[in-house]
Colleague: 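The structure is given below, and queries will be raised subsequently.
Predicted, not measured: the structure shown is a model, and the values here were computed from it. Counting convention: from 1, in listed order, for ligands and their atoms alike.
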Amino acid sequence: MAKLFEKVALIGIGLIGSSIAREIRDKGLAAAVTISTRSRETLDRAEVLGLGDRYVLSAGEAVEDADLVIVSVPVGASGTVAQAIAPHLKAGAIVTDVGSTKGSVIAQMAPHLPASVHFIPGHPIAGTEYSGPDSGFVGLFKSRWCILTPPAGTDETAKGQLRAFWEALGSDVEEMDPEHHDKVLAIVSHLPHIIAYNIVGTADDLETVTESEVIKYSASGFRDFTRLAASDPTMWRDVCLHNKDAILEMLSRFSEDLAYLQRAIRWGDGDKLFDLFTRTRAIRRSIIQAGQDTDMVDFGRHALDAKS
Ligand SMILES: NC(=O)C1=CN([C@@H]2O[C@H](COP(=O)(O)OP(=O)(O)OC[C@H]3O[C@@H](n4cnc5c(N)ncnc54)[C@H](O)[C@@H]3O)[C@@H](O)[C@H]2O)C=CC1
Ligand SMILES: O=C(O)C(=O)Cc1ccc(O)cc1
């Protein structure tokens with residue numbers, strides 16, 4: 001594939017950063033890739049994996065001659081990274097991120113970044129429950145949405161270049177307002193993780209009552225939740241703290257609907273239960289019919305389709 005950028009700097013080299021690095025290497029999308037991350041241990045691991053061409057601890061040093069800078073750190077660290085790279089950015093560089101929340105990342109990063117760069121926030125709706133440089137792989141972004149939330153007036157050429165980059169990784173690119181992004185993602189991604197953390201926590205608390213039978217007899221329903229609940233604690237702590245309003249709004253809707261379900265069970269209202277379960281079954285089936293995979297991430301795709 002044709003080279004899209006001369007020099008790319010990757011700040012953060014976990015699941016997402018290292019998947020991007022592998023894609024760039026695999027498809028020859030850049031002449032040179034510089035990698036920077038907070039800990040020496042992770043940086044050394046990235047070097048052993050051969051994920052880039054240059055490895056530096058200083059994020060500022062990493063971005064000095066970069067045409068494209070991709071920040072792939074937990075969303076709570078976005079501001080610190082922006083502050084560190086700002087004085088070193090080349091005029092005309094594209095600065096983007098991959099954070100799961102957009103409003104907060106923009107609020108943290110934008111004030112530090114010089115007007116001479118193009119700041120185009122992004123979010124690939126693709127991931128797994130694994131983290132760190134070893135967990136990345138080529139193909140993670142294939143046939144997945146990547147949402148860009150460019151501010152009004154963003155340079156069209158820069159936007160086109162970033163779009164072409166994600167398309168080269170196999171993604172379908174969509175533009176969205178950051179507030180809308182945060183609401184949609186709160187229901188299709190953030191709430192499912194919170195519910196999973198909660199149910200697995202509850203089951204763990206019950207272990208003494210059930211004499212370890214929860215784990216022993218865990219059926220596939222519970223197992224599906226344990227996959228999500230195995231996701232990175234730092235990343236998900238940050239998502240909860242940085243998409244607080246939208247998550248609380250969706251949680252409140254969720255609690256109301258759960259109370260409705262609870263009442264139907266208490267009063268033996270089988271019709272209500274049957275109606276809801278029939279409606280939700282149709283959603284799952286419509287996703288499968290559309291030829292999409294059936295995991296949580298693809299449910300996000302369906303919800304986005306419904307919005308557009
Ligand atoms: N894991 C997933 O499924 C997805 C994650 N995201 C977003 O991508 C971002 C990265 O997530 P992952 O790659 O999964 O995390 P990860 O935990 O695998 O990697 C995070 C990386 O950031 C580095 N880091 C942490 N604080 C730093 C700092 N202050 N300065 C420099 N580097 C720092 C870590 O050393 C590590 O290399 C997060 O914002 C997350 O919300 C987006 C889509 C999917
Ligand atoms: O592993 C899963 O099922 C996910 O939901 C992955 C994921 C996690 C966070 C995101 O911001 C986007 C995708």
Colleague: Can you name the ring-ring contact (aromatic ring centres under 6.0 Å, His included) partners of Phe165, sequence neighbours left out?
Modeller: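 None.
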
Colleague: Taking only heavy atoms of His123, which atoms of ligand 2 are found under 4.0 Å from at least one of them?
Modeller: 10 (C), 11 (O), 12 (C)

Colleague: Is the CZ atom of Arg54 crowded by more than 12 outside heavy atoms at less than 6.0 Å?
Modeller: yes

Colleague: Do any pairs count as a ring-ring contact (aromatic ring centres under 6.0 Å, His included) and have a residue in residues 242-277, sequence neighbours left out, and if so which ones?
Modeller: none

Colleague: With heavy-atom distances below 4.5 Å as the criterion, would you say the side chains of Ser255 and Asp257 are in contact?
Modeller: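 A side-chain contact under 4.5 Å is absent here.
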
Colleague: For Leu185 and ligand 2, answer yes if some heavy atom of the residue is under 4.0 Å from a ligand atom, otherwise no.
Modeller: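 No; Leu185 lies far enough from ligand 2 that no heavy-atom distance drops under 4.0 Å.
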
Colleague: Does Lys90 come within less than 4.0 Å of Asp67, counting only side-chain N to carboxylate O?
Modeller: yes

Colleague: Decide whether an N or O pair under 3.5 Å exists between Ser100 and ligand 2.
Modeller: yes

Colleague: Go through the steps to decide whether Lys159 and Glu156 satisfy the test salt bridge (Lys or Arg N to Asp or Glu O under 4.0 Å), and finish with yes or no.
Modeller: CA-CA 5 Å; Lys159 213 160 68 178; Glu156 288 298 326; 3.3 Å; yes

Colleague: Holding to ring-ring contact (aromatic ring centres under 6.0 Å, His included), I want the full list of residues that pass it with His190, two or more places apart in sequence or in another chain.
Modeller: Trp236

Colleague: Give yes if a backbone or side-chain nitrogen or oxygen of Arg227 is under 3.5 Å from a nitrogen or oxygen of ligand 2, and no if not.
Modeller: yes

Colleague: Might you list the protein residues in contact with ligand 1, defined as having a heavy atom under 4.0 Å from one of its atoms, sorted by chain and number?
Modeller: Gly12, Ile13, Gly14, Leu15, Ile16, Thr37, Arg38, Thr42, Ser72, Val73, Pro74, Val75, Ala77, Val81, Val98, Gly99, Ser100, His123, Pro124, Ala126, Gly127, Thr128, Ser131, Gly132, Met235

Colleague: So, does Trp236 sit close enough to ligand 2 that a heavy atom of it is under 4.0 Å from the ligand?
Modeller: yes

Colleague: For a quick test of reading the model, state the closest non-hydrogen atom pair linking Gly99 to Val75 and the distance between them.
Modeller: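 Scanning both residues, the minimum pair turns out to be CA-CG1, 3.7 Å.
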
Colleague: side-chain contact (heavy atoms from CB on, under 4.5 Å) between Ile24 and Phe5: does it pass, once the steps are laid out?
Modeller: CA-CA 10 Å; Ile24 294 174; Phe5 292 94; over 6 Å; no

Colleague: Please identify which atoms of ligand 2 are closer than 4.0 Å to at least one heavy atom of Met235.
Modeller: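 Near Met235, the atoms of ligand 2 are 9 (C).
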
